[in-house]
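As structure tokens, the structure follows; a few thoughts come after it.
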2 protein chains.
Amino acid sequence: MPTTSAILKDHGIRPTPQRRVVLEYVRASDQHPTAEDIYAHVHRRRASVSRATVYNTLHLLVDHGLVRRLVLAGGTVAFDARVHPHHHFVDERTGEVQDIPFEALRIEGVEALSAFDVEHVQVVVYGRKKSDKGG
Amino acid sequence: MPTTSAILKDHGIRPTPQRRVVLEYVRASDQHPTAEDIYAHVHRRRASVSRATVYNTLHLLVDHGLVRRLVLAGGTVAFDARVHPHHHFVDERTGEVQDIPFEALRIEGVEALSAFDVEHVQVVVYGRKKSDKGG
DNA sequence: GCACGATCTTGTACGATGTCTAAAAAATTG
DNA sequence: CAATTTTTTAGACATCGTACAAGATCGTGC
């Protein structure tokens, strides 16, 4: 398990303390933290990390493929260190988003879309979690 | 073809002039206009329709299923009067969004998602339009 | 270690999008 | 017309994100 610092270096990014703490948090989180989540956390841990630096760093990480930028239902923008593709489930009541393993769903008919060069396909499933008692 | 007024009444919405002009524009547009697009247009047509009313009306229309709220790539929020389900293609270079007929794709494995009551499934295809000359 | 230029961080101002509120305006009811 | 409800309005406010200019920090050559 490489250190955060090593990961950054491997991607040609100078591993400053601010960048390390941002990447660390995104990688540690099994949720999908928003930029504000990240800022709040990082700011708490190291009193003076500015908002601008958090945004700069997130862009940097996204550009280098270390982190993915997601647009959740409702338009919330979140970040995710899991780079391998996966689908999303959105609870229509709470807005909560949950990952669905990429292998769990298969999409047929993509080859027939002759007008497009397809890079990536993602399914968004809307519904409600069964464990929830009625609303 | 029912009038905008009739459509609103059918859904229990009092057809005020402001609401009519908003719905009319969304229905007439074959693009996916954003709230600001709609505000700009509607404001031009009837000098005094406020921003708040445009937003209020859009929420109302969404709540009554007359219009759908979309979140495009990049997090842009747009509206769409086509209520029948369809998928989306997003051009990764331009951010342009295009509809894909619902029937064009089939998703397998949804039944196996036993943790969820699934309401709706939507596929988002990312790529680039083939007709585009390289860039 | 020091000076220098390059890179990084910071605070703040700004812009875009959207919500909230209190009051005016319009419609409905009697 | 008066009373009540619904709708609209303007503008203040909140949130998210970007731009910019100044200061801090780093790496390199000496």
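Since the model is a prediction, treat every value here as computed from it, not as a measurement. Each chain gets a letter, A, B and so on, in the order the sequences are listed, and its residues count up from 1.
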When the side chains of residues 14-22 of chain B are checked against the rest of the protein, which donor-acceptor pairs come out under 3.5 Å, sequence neighbours left out?
| residue | atom | partner | partner atom | Å |
| --- | --- | --- | --- | --- |
| B:Thr16 | OG1 | B:Arg19 | N | 3.2 |
| B:Arg19 | NH1 | B:Arg14 | O | 3.0 |

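When hydrophobic clusters are built by joining Ile, Leu, Val, Met, Phe, Trp and Tyr residues whose side-chain heavy atoms come closer than 4.5 Å, directly or via intermediates, A:Val77 is grouped together with A:Tyr25. In terms of hydrophobic clustering, with Ile, Leu, Val, Met, Phe, Trp and Tyr side chains grouped at heavy-atom distances under 4.5 Å, A:Val123 and A:Val118 are assigned to a common cluster. Both B:Val62 and B:Ile38 sit in one connected hydrophobic cluster of ILVMFWY residues. Membership requires side-chain heavy atoms under 4.5 Å apart, directly or through other members.
Bounding nucleotides for the chain B contact on DNA chain C, 5' to 3', at a heavy-atom distance below 4.0 Å, are C:dT17 to C:dT28.
If you run side chain to side chain contact (heavy atoms under 4.5 Å, CB included) between A:Leu8 and each of A:Thr3, A:Thr57, A:Leu23, only A:Leu23 comes through. Of the listed residues (B:Val121, B:Val125, B:Val124, B:Leu105), just one forms a side chain to side chain contact (heavy atoms under 4.5 Å, CB included) with B:His87, and that residue is B:Leu105.
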Show each protein N/O and nucleotides 17-22 of chain D N/O combination with a separation under 3.5 Å, one pair to a line.
| residue | atom | partner | partner atom | Å |
| --- | --- | --- | --- | --- |
| D:dG17 | OP2 | A:Tyr55 | OH | 2.8 |
| D:dT18 | OP2 | A:His59 | NE2 | 3.3 |

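Looking at B:Val71 and B:Arg69, their side chains come closer than 4.5 Å, going by heavy atoms from C-beta outward.
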Open item on the list: With ring-ring contact (aromatic ring centres under 6.0 Å, His included) as the criterion, how do B:His32 and B:Phe79 come out once you've worked through the C-alpha distance, each side chain's angles and the decisive distance to 0.1 Å?
Closed with: CA-CA 5 Å; B:His32 300 295; B:Phe79 296 87; over 10 Å; no
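Counting only residues at least two apart or on different chains, the salt bridge (charged side-chain N to carboxylate O under 4.0 Å, His left out) pairs with a member in residues 32-41 of chain B are B:Glu36-B:Arg51.
Side-chain nitrogen and oxygen atoms of B:Ser50 include none within less than 4.0 Å of the OP1 or OP2 phosphate oxygen of D:dT8.
Taking a 4.0 Å limit (strictly below) on heavy-atom distances, residues 9-22 of chain A reaches DNA chain C at A:Arg14, A:Thr16, A:Gln18, A:Arg19.
Checked against side chain to side chain contact (heavy atoms under 4.5 Å, CB included), A:His64 has the following partners two or more places apart in sequence or in another chain: A:His11, A:Ile13, A:Leu60.
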